[in-house]
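Written below as structure tokens is the structure these notes are about.
These values consider heavy atoms only, across backbone and side chains, with no hydrogens, waters or symmetry-generated copies. All residue numbers in this chain count up from 1 along the given sequence.
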Amino acid sequence: MHTELHSRYKNATPEKIFEKLSEFSKTNPAPARNRAAVYIRKSRMIKDETAYSPKEQERACREFASNEGLEIIEIIQDLDRSGRNSDREGFQRLLRMIKSGELDYVLVQYLDREFRNGISFIQFYDFIQNYGVQFLSVNEKLDTRSFTGRFMLFVLAVAAELPVWAASERVREAKRARRTKGLHNGGYRLGYCNGLCSTCSDPNGKDFCPLYGGPDREESCRGRVQVPHPIEQHAVRLIAHKYPSGMSAREISNFLNDNLFQLPQGSQHVKFRTKGVPGSYPPGPFRPESVLDILRNPFYAGFVSHHPTPDLNMNDNIENPKAARVGVKNRRTPDELHQGQHEALIPVELWQENLLILRNKGNRVPNGQARERKRAYLLAGIGRCAECHNLAAPGHATHLRGTPNGSNKRVYRCANLT
């Protein structure tokens, strides 16, 4: 954390700090009009919370505006959005209104509703000064029409970052402790559930799982350890065993979507489906990408993994926030593997075999050109797929390509298959 802070503020020399403070000492002329926009932000929406709810923020700002004789022309909200950068739809709308000369005041309940990023807030304050707009904070009594208000603005803007850094460190440490104990981080994972059947909220629980509403499963340790889902686990095992037999990810996904399956210990036929994403989209059909994710995931072989994640990024550009994003290369390959407490669905050897096949299929040099082939595939690019030949259309490949498929045999498959 100390290194990250140093890298952010290494250019903030004493001379530049004093220069900034001298700008705060300047008295800005009062706006000619009293048009104000109330800005409301909430990073997490928690049910029944009232102390810092959007309604409370709006009430406090309206009361202040009434006492100060300000005319509120817009209420702008960013709900479920972090204040550590400017990548917020409502905030960007606020900037556009300031640019177009529609506002004289920006009104918030607390300074940290605008930002939890000191440098970004100072940039924002410079921005509104250029357009003759004043910033007012209700509960902190920050009135930028006075020198004291501008000076406290600078101090509190930097202090508002502290909760962000502290929360980031605590979350990282908590997740690190869980994975070293063999416990998973994250939510739903196809093939597993939390075992809390009596209060099940799994997307594939009600009307799908035969254990739904029953007693909690003891092996889940009250939901701490993921346990095999009665139905989904068989889809995962089927995927892992079909791939080394020569089927592609697309063929496997079509196979799962187009057929009903009889479980080992049941007479009823079921149709497998994904978990979907709770709150975003419901369970549905398999796609080649979801099949490949299952093949790569070491969790199914009994491991808890950690993938490369970026450090807390407080870099920002208030008018172009996407330009300040920092990506991480090769997030697909884990940098840590720990033996998990959960039950493995497939043998480690099978998981490693599938990874080898995937690596052989995607073996490319950095410049995008294929490596020198070790085998000659005489029909590659010449032969045509019998099924796709009559479906020829712009962008629809019909030729065959050669692949070792992780074996020592020459295999030809349609270029449309993954």
Side-chain angles (χ1 to χ4, degrees), residues 179 182-197 200-205 208-212 217 219-220 223 225-266 268-278 281-305 307 332-334 337-359 361 406 418:
R179 65 176 177 266
L183 298 173
H184 75 288
N185 286 303
Y188 298 103
R189 185 176 279 104
L190 186 76
Y192 291 91
C193 64
N194 60 17
L196 302 179
C197 304
C200 178
S201 59
D202 193 293
N204 282 337
F208 189 77
C209 177
L211 301 182
Y212 176 82
R217 299 167 65 175
E219 63 269 31
S220 73
V225 179
Q226 295 270 295
V227 295
H229 188 282
I231 296 179
E232 295 174 1
Q233 60 173 309
H234 300 292
V236 172
R237 291 192 174 101
L238 190 60
I239 290 172
H241 284 85
K242 285 292 184 182
Y243 195 67
S245 71
M247 293 182 70
S248 69
R250 188 180 300 276
E251 289 171 331
I252 294 175
S253 63
N254 292 336
F255 178 67
L256 294 174
N257 295 331
D258 298 340
N259 295 283
L260 295 175
F261 298 88
Q262 184 175 359
L263 303 183
Q265 298 178 348
Q268 183 180 3
H269 288 73
V270 300
K271 187 175 182 63
F272 293 134
R273 65 188 192 187
T274 64
K275 277 191 187 294
V277 176
Y281 54 88
F286 287 86
R287 299 180 302 168
E289 294 80 8
S290 56
V291 170
L292 293 173
D293 287 341
I294 290 173
L295 293 171
R296 295 187 184 101
N297 200 328
F299 192 82
Y300 299 110
F303 297 104
V304 172
S305 62
H307 293 257
R332 182 177 292 171
T333 303
L337 279 181
H338 302 275
Q339 185 63 49
Q341 295 188 25
H342 61 284
E343 177 185 341
L345 297 185
I346 61 174
V348 175
E349 295 76 17
L350 179 59
W351 171 64
Q352 292 174 332
E353 180 183 358
N354 286 331
L355 286 184
L356 180 62
I357 296 174
L358 286 167
R359 189 176 297 114
K361 285 187 174 182
T418 302

Nearest atoms (heavy-atom pairs only) where Arg273 meets Pro283: NE-CB, 3.6 Å
Would you say the side-chain atoms of Arg189 pair up with the backbone N or O of Tyr300, donor to acceptor, closer than 3.5 Å? no
What's the spacing between His229 NE2 and Cys193 SG if we round to 0.5 Å? 5.5 Å
What verdict does the side-chain contact (heavy atoms from CB on, under 4.5 Å) test give for Val225 and Glu219, after you've listed the backbone C-alpha separation in whole Å, the side-chain angles of each residue and the deciding distance to 0.1 Å? CA-CA 7 Å; Val225 179; Glu219 63 269 31; over 6 Å; no
If we only count heavy atoms from C-beta on, is the Ile239 to Leu256 side-chain gap below 4.5 Å? yes
Note: Leu196 and Ser220 closest approach over all heavy atoms is CD2-OG, 4.4 Å
Interatomic distance, NE2@His338 vs OG@Ser305, rounded to 0.5 Å, equals 9.0 Å
Please name the pair of heavy atoms, one in Arg217 and one in Pro230, separated by the smallest distance, quoted to 0.1 Å. NH1-CD, 4.0 Å
Please tell me if the side chains of Cys209 and Asp202 come closer than 4.5 Å, counting only heavy atoms from C-beta onward. no
Test side-chain contact (heavy atoms from CB on, under 4.5 Å), reference His342, set Val304, Leu183, Val227, output is Val304
Check: Pro285 and Thr274 side chains under 4.5 Å, non-hydrogen atoms: no
Taking Phe255 as the fixed residue, which of Phe286, Phe261, Phe272 is the one that meets the ring-ring contact (aromatic ring centres under 6.0 Å, His included) rule? Phe261
Is the number of heavy atoms from other residues, nucleotides or ligands within 6.0 Å of CZ (Arg287) greater than 12? no
Tell me whether Glu251 is salt-bridged to Lys242, with the criterion being a basic N under 4.0 Å from an acidic carboxylate O. no
Taking the side chain as every heavy atom from C-beta outward, state whether Ile231 and Pro210 have any pair of such atoms under 4.5 Å apart. yes
Value for CG (Leu345) from CG (Leu350), rounded to nearest 0.5 Å, stands at 11.0 Å
Please round to the nearest 0.5 Å and tell me the distance separating atom CE of Met247 and atom CD1 of Ile252. 5.5 Å
Quick one: does any side-chain atom of Asn297 pair with a main-chain N or O of Asp293 as donor and acceptor, under 3.5 Å? no
How are the rings of Phe299 and Tyr192 set relative to one another: parallel (under 30°), tilted (30 to 60°) or perpendicular (over 60°)? perpendicular
How close do Gly302 and Ala344 get, counting heavy atoms only, and between which atoms? N-CB, 3.6 Å
If you measure from CZ on Arg179 to CD on Gln339, what distance do you get to the nearest 0.5 Å? 16.0 Å
Checking side-chain contact (heavy atoms from CB on, under 4.5 Å) for the pair Phe303/Val348: CA distance, chi angles, key distance, verdict? CA-CA 9 Å; Phe303 297 104; Val348 175; 3.9 Å; yes
Answer whether the closest heavy-atom distance between the side chains of Val291 and Arg250 falls below 4.5 Å. no
For Lys271 and Asp258 the tightest heavy-atom approach is NZ-N, 4.1 Å
Stepwise side chain to side chain donor-acceptor pair (under 3.5 Å) test for Glu232 and Asn204: CA-CA 8 Å; Glu232 295 174 1; Asn204 282 337; 2.6 Å; yes
Any donor and acceptor pair, going by atom type alone, linking the side chain of Trp351 with main-chain N or O of Ile346 inside 3.5 Å? no
Under a 4.5 Å cut-off applied to non-hydrogen side-chain atoms, are Glu353 and Pro347 in contact? no
Please round to the nearest 0.5 Å and tell me the distance separating atom CD of Gln352 and atom CD1 of Ile357. 12.5 Å
Ser248 and Lys361 have their tightest heavy-atom pair at CA-NZ, 4.4 Å
